[in-house]
Structure formats: structure tokens, C-alpha cells
Amino acid sequence: MGELTLHTVVLKEGDWWLIQGLEYDFVTLARRLDDVPGEIRRWLYLLAIASRQSGIELFAGYSPAPRRFWQMYEDASPWGDPVPPVNLPEDLDFNPMIEIRLLEQQGEEVPC
């Protein structure tokens, strides 16, 4: 699979931060905004290991997120700090970069 950049948009949903993947339609959650990058990295690591153990291609069965999430990404602010790449086992031949954008919702203050 080689190098790949995964784009995600993050928005507040109740007490949780919802993390929506774009190239591959996935959702994961974080309790705190500071936990978002680590949660994305954790999710990718677990998916990669499970895919390898199951003998299926990484992201098999995933499709792109619905267009409304891509629009949210376009409207969102870039994440402040660079997100380190996910270091997966070498035999997976996959070392994704992660681009995160934060959607600031009207009427709600978003901590940074």
C-alpha cells in the first residue's frame, strides 16, 4: 500500500469528539480533544493488525465517506500540530500520514 495520507474531520457530538475518516468511511470517538490524534493512530494500528491476522487487505470493504463529510472537512480549520505518522509493523508496507481538521460548530466554543 505504501505511503498514504488519511484525511479526517473532527466535530463535537455531545460529550464526545467524533472522528470521521474520509478516504475510508470510518468513525471513532475520543473523550478529550487532546486524545484525537492518538485515537486515530490506535484505530489504524488495530485495523492493520486485525487485517493482517484475518488475511484480508487493509481497508477491504471500506468506501469513501459521504460527500457531506468532505464538505465539513473543507469548512474546518487545520489541526494545530503535525500528527506523527502511524508506525505499523514493517511487513504491512503501510505508513500513513494523518491530516486532521477541526470543525468549529456555531454557538459552541471549541477548546484548542
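Counting from 1, the numbers follow the sequence of the chain as shown.
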Correct closest heavy-atom pair for T5 and E23 would be O-OE2, 3.6 Å

Could you tell me how the ring of W43 sits relative to the ring of F59: parallel (under 30°), tilted (30 to 60°) or perpendicular (over 60°)? tilted

Report yes or no: do L4 and Y62 belong to one cluster of Ile/Leu/Val/Met/Phe/Trp/Tyr joined by side chain heavy-atom distances under 4.5 Å? yes

Testing the basics here: between T8 and F26, what is the closest heavy-atom pair and its distance to 0.1 Å? CG2-CZ, 4.0 Å

P78 and R101 have their tightest heavy-atom pair at CA-CG, 4.0 Å

With no hydrogens and no angle check, do the side chains of T28 and E39 hold a donor and an acceptor under 3.5 Å apart? yes

Reported CG-to-NZ distance for the pair L102 and K12, which is rounded to 0.5 angstrom: 10.5 Å

Do the side chains of M72 and V27 join up, straight or via other hydrophobic residues, at under 4.5 Å, putting them in one cluster? yes

With rounding to the nearest 0.5 angstrom, report the CG to CH2 distance, L29 to W17. 12.5 Å

With under 30° as parallel and over 60° as perpendicular, where do the rings of Y73 and H7 fit, or are they tilted in between? perpendicular

Hey, mind stepping through S77 and E104 against side-chain contact (heavy atoms from CB on, under 4.5 Å) and telling me if it holds? CA-CA 8 Å; S77 302; E104 298 182 34; 3.5 Å; yes

One should read off an interatomic distance between L44 CG and I49 CD1, to the nearest 0.5 angstrom, of 11.5 Å

Keeping W70 on the side-chain end and A65 on the backbone end, is there a donor-acceptor pair under 3.5 Å? yes

Checking D35, I98, L6 against I40 for side-chain contact (heavy atoms from CB on, under 4.5 Å), the one that qualifies is I98

Axial cation check for W16 ring with R31, 6.0 Å and 45° limits: yes

If you define the side chain from C-beta out and look only at heavy atoms, does anything of L18 sit under 4.5 Å from V10? no

Could you tell me which non-hydrogen atom of P66 sits nearest to which non-hydrogen atom of D25, and how far apart they are? CD-OD2, 3.8 Å

dist D75:CG -> L11:CG (nearest 0.5 Å) comes out at 12.0 Å

When rounded to the nearest 0.5 Å, the distance separating CD of Q71 from CG of L103 is 10.5 Å

